[in-house]
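For reference, positions follow the sequence shown, starting with 1. Just so you know, ligand 1 is whichever comes first in the structure, and atom 1 is the first atom listed for that ligand.
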Amino acid sequence: MSLTCRIHGARDLRLETDPDAAPLAPHEVELRLGAAGICGSDLHYFLHGKVGAFVIREPLIPGHEASGIVMRVGEAVTRVQPGMKVAINPSHPCGHCDYCRGGRDNLCRNMRFLGSASVYPHVQGMFRERFVMGERQLTPVSEDISLGEIACAEPLSIGLHGVNRAGPLLGKTVLITGGGTIGCMSVIAARLAGAAHVIVSDIADRALEMAAAVGADSTVRADQAPPDALADVADVSIEAAGSPAALATCLAATRRGGRIVQVGTLPAEGVHFPANNIMARELDYVGAFRAGIEFDWAVTCLRTRRVDVRPLMSAQLPLDRAAEAFELAADRTRSTKVQLVCES
Ligand SMILES: [Zn+2]
Ligand SMILES: [Zn+2]
(Lines give C-alpha, C1' and ligand atoms only; values in the text may rest on other atoms or scores of the structure.)
(Ligands and ions follow the chains in the order given, each with its own letter.)
Protein backbone atom coordinates (compact mmCIF):
# COMPACT_ATOMS: atom_id res chain seq x y z
CA MET A 1 0.00 0.00 0.00
CA SER A 2 1.22 3.52 -0.70
CA LEU A 3 0.15 7.10 -0.08
CA THR A 4 -1.33 9.18 -2.90
CA CYS A 5 -2.40 12.83 -3.02
CA ARG A 6 -5.53 13.51 -5.12
CA ILE A 7 -7.40 16.72 -5.91
CA HIS A 8 -11.13 16.04 -6.17
CA GLY A 9 -12.07 19.68 -6.82
CA ALA A 10 -11.29 23.21 -5.65
CA ARG A 11 -9.70 23.05 -2.16
CA ASP A 12 -10.53 19.36 -1.92
CA LEU A 13 -7.18 17.65 -1.54
CA ARG A 14 -7.25 14.12 -0.16
CA LEU A 15 -4.57 11.71 0.94
CA GLU A 16 -5.55 8.23 -0.14
CA THR A 17 -4.04 4.79 0.12
CA ASP A 18 -3.49 2.93 -3.13
CA PRO A 19 -2.79 -0.77 -3.65
CA ASP A 20 0.67 -1.83 -4.80
CA ALA A 21 1.46 -1.73 -8.50
CA ALA A 22 0.67 -4.69 -10.71
CA PRO A 23 3.46 -6.63 -12.43
CA LEU A 24 5.54 -4.35 -14.65
CA ALA A 25 5.46 -4.35 -18.44
CA PRO A 26 8.88 -5.02 -20.06
CA HIS A 27 9.92 -1.34 -20.32
CA GLU A 28 8.28 -0.09 -17.11
CA VAL A 29 10.00 0.99 -13.92
CA GLU A 30 8.49 1.33 -10.46
CA LEU A 31 9.73 4.38 -8.58
CA ARG A 32 9.55 5.73 -5.08
CA LEU A 33 9.11 9.49 -4.98
CA GLY A 34 12.26 11.43 -4.14
CA ALA A 35 11.05 15.03 -4.22
CA ALA A 36 8.27 16.74 -6.14
CA GLY A 37 7.93 20.50 -6.56
CA ILE A 38 4.58 22.27 -6.28
CA CYS A 39 4.17 24.37 -9.42
CA GLY A 40 1.80 27.23 -10.21
CA SER A 41 -0.40 24.89 -12.23
CA ASP A 42 -0.68 22.44 -9.30
CA LEU A 43 -1.73 25.39 -7.15
CA HIS A 44 -4.38 26.42 -9.65
CA TYR A 45 -5.84 22.90 -9.60
CA PHE A 46 -5.80 22.99 -5.81
CA LEU A 47 -7.31 26.46 -5.39
CA HIS A 48 -9.74 26.56 -8.34
CA GLY A 49 -10.09 22.99 -9.62
CA LYS A 50 -8.78 24.12 -12.99
CA VAL A 51 -5.91 25.75 -14.90
CA GLY A 52 -7.26 27.99 -17.66
CA ALA A 53 -9.41 25.71 -19.81
CA PHE A 54 -8.12 22.51 -18.16
CA VAL A 55 -10.84 21.56 -15.66
CA ILE A 56 -10.66 18.64 -13.23
CA ARG A 57 -13.32 16.13 -14.33
CA GLU A 58 -12.12 13.18 -12.23
CA PRO A 59 -9.80 13.02 -9.19
CA LEU A 60 -6.38 14.24 -10.32
CA ILE A 61 -3.00 13.35 -8.88
CA PRO A 62 -1.00 16.53 -9.49
CA GLY A 63 2.77 16.80 -9.79
CA HIS A 64 5.07 17.04 -12.80
CA GLU A 65 8.39 18.20 -11.28
CA ALA A 66 9.83 15.15 -9.59
CA SER A 67 12.79 12.94 -8.93
CA GLY A 68 12.67 9.34 -7.74
CA ILE A 69 14.49 6.22 -6.65
CA VAL A 70 14.19 3.08 -8.78
CA MET A 71 12.49 0.24 -6.88
CA ARG A 72 11.76 -2.43 -9.53
CA VAL A 73 12.39 -2.71 -13.26
CA GLY A 74 10.62 -4.60 -16.05
CA GLU A 75 12.51 -7.40 -17.77
CA ALA A 76 13.61 -5.34 -20.81
CA VAL A 77 14.75 -2.20 -18.94
CA THR A 78 18.35 -1.16 -19.66
CA ARG A 79 18.54 2.54 -18.70
CA VAL A 80 18.25 2.16 -14.93
CA GLN A 81 18.70 -0.32 -12.08
CA PRO A 82 17.09 -0.61 -8.64
CA GLY A 83 18.52 1.89 -6.16
CA MET A 84 19.39 4.56 -8.75
CA LYS A 85 18.34 8.20 -8.36
CA VAL A 86 16.57 9.47 -11.45
CA ALA A 87 15.30 12.68 -13.01
CA ILE A 88 11.80 12.16 -14.43
CA ASN A 89 10.69 13.88 -17.63
CA PRO A 90 6.92 14.52 -17.29
CA SER A 91 6.46 15.11 -21.00
CA HIS A 92 5.19 12.20 -23.11
CA PRO A 93 5.12 13.32 -26.75
CA CYS A 94 3.80 10.72 -29.19
CA GLY A 95 6.94 10.59 -31.31
CA HIS A 96 5.15 10.21 -34.63
CA CYS A 97 3.03 13.31 -35.33
CA ASP A 98 4.27 16.05 -37.69
CA TYR A 99 5.51 18.25 -34.80
CA CYS A 100 7.37 15.39 -33.12
CA ARG A 101 8.93 14.39 -36.44
CA GLY A 102 9.76 18.02 -37.11
CA GLY A 103 11.82 18.32 -33.94
CA ARG A 104 9.32 20.35 -31.90
CA ASP A 105 7.96 17.62 -29.68
CA ASN A 106 6.79 20.08 -26.99
CA LEU A 107 4.08 21.00 -29.52
CA CYS A 108 3.03 17.35 -30.04
CA ARG A 109 -0.58 16.92 -31.17
CA ASN A 110 -1.03 13.95 -28.84
CA MET A 111 0.92 15.14 -25.82
CA ARG A 112 0.39 13.42 -22.50
CA PHE A 113 1.83 15.57 -19.71
CA LEU A 114 1.91 14.20 -16.16
CA GLY A 115 -0.42 15.70 -13.59
CA SER A 116 -2.56 17.49 -16.16
CA ALA A 117 -6.30 17.68 -16.79
CA SER A 118 -5.68 18.78 -20.39
CA VAL A 119 -6.96 15.41 -21.63
CA TYR A 120 -9.65 13.06 -20.32
CA PRO A 121 -9.07 10.61 -18.70
CA HIS A 122 -6.51 12.87 -16.99
CA VAL A 123 -2.82 12.03 -17.00
CA GLN A 124 -2.04 11.29 -13.36
CA GLY A 125 1.01 12.96 -11.84
CA MET A 126 3.65 12.18 -9.25
CA PHE A 127 2.45 13.46 -5.85
CA ARG A 128 2.43 9.89 -4.57
CA GLU A 129 4.75 7.51 -2.77
CA ARG A 130 5.05 4.97 -5.60
CA PHE A 131 4.38 5.15 -9.32
CA VAL A 132 5.24 3.40 -12.57
CA MET A 133 6.95 5.14 -15.47
CA GLY A 134 8.31 4.06 -18.86
CA GLU A 135 12.11 3.86 -18.79
CA ARG A 136 12.45 6.41 -21.59
CA GLN A 137 11.24 9.12 -19.16
CA LEU A 138 14.13 8.49 -16.77
CA THR A 139 17.68 9.83 -16.57
CA PRO A 140 19.87 8.29 -13.86
CA VAL A 141 21.91 10.75 -11.80
CA SER A 142 24.93 9.20 -10.10
CA GLU A 143 26.49 12.44 -8.82
CA ASP A 144 26.10 13.58 -5.22
CA ILE A 145 23.19 15.90 -6.03
CA SER A 146 20.10 15.89 -3.81
CA LEU A 147 16.75 14.50 -4.93
CA GLY A 148 15.31 17.98 -4.34
CA GLU A 149 17.74 19.57 -6.80
CA ILE A 150 17.12 16.84 -9.38
CA ALA A 151 13.39 17.59 -9.10
CA CYS A 152 14.17 21.14 -10.30
CA ALA A 153 15.09 19.83 -13.76
CA GLU A 154 11.58 20.46 -15.11
CA PRO A 155 11.23 24.12 -14.04
CA LEU A 156 14.83 24.74 -15.15
CA SER A 157 13.95 23.25 -18.53
CA ILE A 158 11.19 25.86 -18.86
CA GLY A 159 13.73 28.63 -18.26
CA LEU A 160 16.10 27.10 -20.80
CA HIS A 161 13.33 26.74 -23.38
CA GLY A 162 12.28 30.37 -22.97
CA VAL A 163 15.86 31.49 -23.50
CA ASN A 164 16.17 29.17 -26.47
CA ARG A 165 13.14 30.91 -27.99
CA ALA A 166 14.77 34.29 -27.27
CA GLY A 167 17.60 33.69 -29.73
CA PRO A 168 21.23 34.67 -29.05
CA LEU A 169 21.67 36.53 -25.75
CA LEU A 170 25.45 36.91 -25.72
CA GLY A 171 26.29 40.42 -24.57
CA LYS A 172 22.66 41.51 -24.39
CA THR A 173 20.53 43.13 -21.71
CA VAL A 174 17.59 40.95 -20.72
CA LEU A 175 14.52 41.98 -18.73
CA ILE A 176 12.62 39.21 -16.95
CA THR A 177 9.21 40.10 -15.54
CA GLY A 178 8.37 37.89 -12.57
CA GLY A 179 10.74 36.62 -9.90
CA GLY A 180 8.92 33.38 -9.10
CA THR A 181 10.42 29.98 -9.82
CA ILE A 182 10.14 30.31 -13.60
CA GLY A 183 11.43 33.89 -13.61
CA CYS A 184 14.41 32.80 -11.51
CA MET A 185 15.04 29.79 -13.76
CA SER A 186 14.97 32.26 -16.67
CA VAL A 187 17.63 34.35 -14.92
CA ILE A 188 19.82 31.27 -14.57
CA ALA A 189 19.23 30.34 -18.21
CA ALA A 190 19.91 33.88 -19.52
CA ARG A 191 23.22 33.96 -17.68
CA LEU A 192 24.15 30.57 -19.10
CA ALA A 193 23.39 31.98 -22.55
CA GLY A 194 25.81 34.86 -22.02
CA ALA A 195 23.49 37.76 -21.24
CA ALA A 196 25.57 40.75 -20.12
CA HIS A 197 22.97 42.27 -17.84
CA VAL A 198 19.85 40.67 -16.39
CA ILE A 199 17.11 42.86 -14.87
CA VAL A 200 14.18 41.35 -12.98
CA SER A 201 10.95 43.15 -12.13
CA ASP A 202 8.27 41.98 -9.71
CA ILE A 203 5.82 43.45 -7.24
CA ALA A 204 7.12 41.45 -4.26
CA ASP A 205 10.40 42.01 -2.43
CA ARG A 206 10.98 38.35 -1.70
CA ALA A 207 10.78 37.45 -5.40
CA LEU A 208 13.38 40.10 -6.20
CA GLU A 209 15.66 38.84 -3.43
CA MET A 210 15.45 35.35 -4.92
CA ALA A 211 16.20 36.69 -8.40
CA ALA A 212 19.27 38.47 -7.06
CA ALA A 213 20.34 35.29 -5.24
CA VAL A 214 20.44 33.37 -8.53
CA GLY A 215 22.28 36.08 -10.41
CA ALA A 216 20.06 38.99 -11.50
CA ASP A 217 22.25 42.09 -11.91
CA SER A 218 19.50 44.53 -10.97
CA THR A 219 15.95 44.30 -9.66
CA VAL A 220 13.00 46.65 -9.88
CA ARG A 221 9.79 46.89 -7.86
CA ALA A 222 7.49 47.37 -10.86
CA ASP A 223 4.69 48.82 -8.74
CA GLN A 224 6.89 51.43 -7.07
CA ALA A 225 9.26 52.51 -9.86
CA PRO A 226 8.51 55.63 -11.93
CA PRO A 227 6.52 54.77 -15.10
CA ASP A 228 9.49 55.16 -17.45
CA ALA A 229 12.03 53.42 -15.20
CA LEU A 230 12.10 50.42 -17.50
CA ALA A 231 11.49 52.18 -20.80
CA ASP A 232 13.77 51.00 -23.60
CA VAL A 233 16.12 49.14 -21.27
CA ALA A 234 16.22 45.64 -22.75
CA ASP A 235 17.24 43.95 -25.99
CA VAL A 236 15.13 40.97 -25.02
CA SER A 237 12.30 40.58 -22.49
CA ILE A 238 11.05 37.36 -21.00
CA GLU A 239 7.52 37.61 -19.57
CA ALA A 240 7.44 35.04 -16.77
CA ALA A 241 4.79 36.60 -14.52
CA GLY A 242 1.70 35.78 -16.55
CA SER A 243 0.36 39.25 -15.83
CA PRO A 244 -1.04 41.81 -18.31
CA ALA A 245 0.80 44.59 -16.45
CA ALA A 246 4.06 42.69 -16.84
CA LEU A 247 3.40 42.21 -20.55
CA ALA A 248 2.82 45.97 -20.88
CA THR A 249 6.15 46.50 -19.09
CA CYS A 250 7.85 44.21 -21.63
CA LEU A 251 6.28 46.09 -24.55
CA ALA A 252 7.66 49.38 -23.25
CA ALA A 253 11.00 48.03 -22.05
CA THR A 254 12.07 46.17 -25.17
CA ARG A 255 14.18 48.27 -27.53
CA ARG A 256 13.17 48.67 -31.17
CA GLY A 257 13.82 45.50 -33.14
CA GLY A 258 14.00 43.45 -29.96
CA ARG A 259 12.15 40.34 -28.87
CA ILE A 260 9.63 39.43 -26.17
CA VAL A 261 9.21 35.81 -25.09
CA GLN A 262 5.87 34.95 -23.46
CA VAL A 263 6.51 32.18 -20.92
CA GLY A 264 3.86 32.95 -18.29
CA THR A 265 0.21 32.04 -18.74
CA LEU A 266 -1.87 35.21 -19.16
CA PRO A 267 -5.55 35.37 -18.17
CA ALA A 268 -7.70 33.64 -20.78
CA GLU A 269 -9.79 36.77 -21.46
CA GLY A 270 -9.80 40.52 -21.06
CA VAL A 271 -6.10 41.21 -21.61
CA HIS A 272 -5.42 44.72 -22.86
CA PHE A 273 -2.63 44.33 -25.40
CA PRO A 274 -0.95 47.49 -26.80
CA ALA A 275 -0.22 45.61 -30.01
CA ASN A 276 0.81 48.61 -32.07
CA ASN A 277 4.13 48.51 -30.23
CA ILE A 278 4.78 45.23 -32.03
CA MET A 279 4.27 46.96 -35.38
CA ALA A 280 5.79 50.38 -34.80
CA ARG A 281 8.80 49.16 -32.86
CA GLU A 282 9.31 46.03 -34.99
CA LEU A 283 9.25 43.77 -31.97
CA ASP A 284 9.20 39.99 -32.25
CA TYR A 285 6.63 38.50 -29.86
CA VAL A 286 7.10 34.76 -29.49
CA GLY A 287 5.65 32.10 -27.21
CA ALA A 288 7.43 29.39 -25.23
CA PHE A 289 5.44 26.34 -24.14
CA ARG A 290 6.84 23.67 -21.79
CA ALA A 291 10.17 22.29 -23.05
CA GLY A 292 11.68 19.70 -25.36
CA ILE A 293 15.35 18.75 -25.52
CA GLU A 294 15.98 21.39 -22.84
CA PHE A 295 14.92 18.84 -20.19
CA ASP A 296 18.09 16.86 -20.86
CA TRP A 297 20.15 20.06 -20.81
CA ALA A 298 18.62 20.93 -17.44
CA VAL A 299 19.58 17.56 -15.96
CA THR A 300 23.14 18.04 -17.20
CA CYS A 301 23.34 21.56 -15.71
CA LEU A 302 22.11 20.28 -12.35
CA ARG A 303 24.21 17.13 -12.13
CA THR A 304 27.39 19.08 -12.84
CA ARG A 305 26.29 22.04 -10.64
CA ARG A 306 26.92 24.23 -13.64
CA VAL A 307 23.95 25.99 -12.15
CA ASP A 308 22.86 26.02 -8.53
CA VAL A 309 19.12 26.07 -7.88
CA ARG A 310 19.41 25.57 -4.12
CA PRO A 311 18.56 29.20 -3.22
CA LEU A 312 15.11 28.64 -4.75
CA MET A 313 14.26 25.56 -2.69
CA SER A 314 12.40 27.13 0.21
CA ALA A 315 10.82 24.13 1.97
CA GLN A 316 10.38 20.36 1.87
CA LEU A 317 7.41 18.68 3.55
CA PRO A 318 6.51 15.00 3.72
CA LEU A 319 3.76 13.82 1.40
CA ASP A 320 1.29 13.36 4.27
CA ARG A 321 1.44 17.14 4.89
CA ALA A 322 0.52 17.94 1.29
CA ALA A 323 -2.35 20.32 2.16
CA GLU A 324 -0.04 22.39 4.37
CA ALA A 325 2.61 22.35 1.63
CA PHE A 326 0.09 23.70 -0.90
CA GLU A 327 -0.90 26.53 1.43
CA LEU A 328 2.77 27.38 1.95
CA ALA A 329 3.48 27.28 -1.79
CA ALA A 330 0.56 29.65 -2.40
CA ASP A 331 2.13 32.28 -0.12
CA ARG A 332 4.70 34.20 -2.17
CA THR A 333 5.85 36.12 0.88
CA ARG A 334 7.18 32.91 2.39
CA SER A 335 8.13 30.58 -0.42
CA THR A 336 9.53 30.07 -3.88
CA LYS A 337 9.76 26.33 -4.53
CA VAL A 338 8.03 24.06 -2.01
CA GLN A 339 8.59 20.34 -2.48
CA LEU A 340 6.88 17.21 -1.21
CA VAL A 341 9.26 14.47 -0.18
CA CYS A 342 9.03 10.83 0.68
CA GLU A 343 11.38 9.68 3.37
CA SER A 344 10.95 5.96 3.99
ZN1 LIG B 1 5.67 23.31 -13.48
ZN1 LIG C 1 3.65 13.97 -31.39
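Counted by atom type alone, T4 and E16 present zero donor-acceptor pairs between their side chains at under 3.5 Å.
In this pair, F113 and H64 present their aromatic rings tilted. The plane angle is within the 30 to 60° band.
Electrostatic pairing of R221 and D205 counts as a salt bridge here, judged by a charged N lying under 4.0 Å from a carboxylate O. Residues E65 and K337 are paired through a salt bridge, judged by an N-O separation under 4.0 Å between the basic side chain and the carboxylate.
When SG of C100 and SG of C94 are joined through the Zn ion (ligand 2), the resulting angle is 120° to the nearest 10°. Take the Zn ion (ligand 1) as the corner point: the lines to NE2 of H64 and to SG of C39 open at 110°, to the nearest 10 degrees.
Backbone or side-chain N, O or S atoms of C97 reach the Zn ion (ligand 2) at under 2.8 Å.
Within E65, OE2 is the N, O or S atom that lies nearest to the Zn ion (ligand 1).
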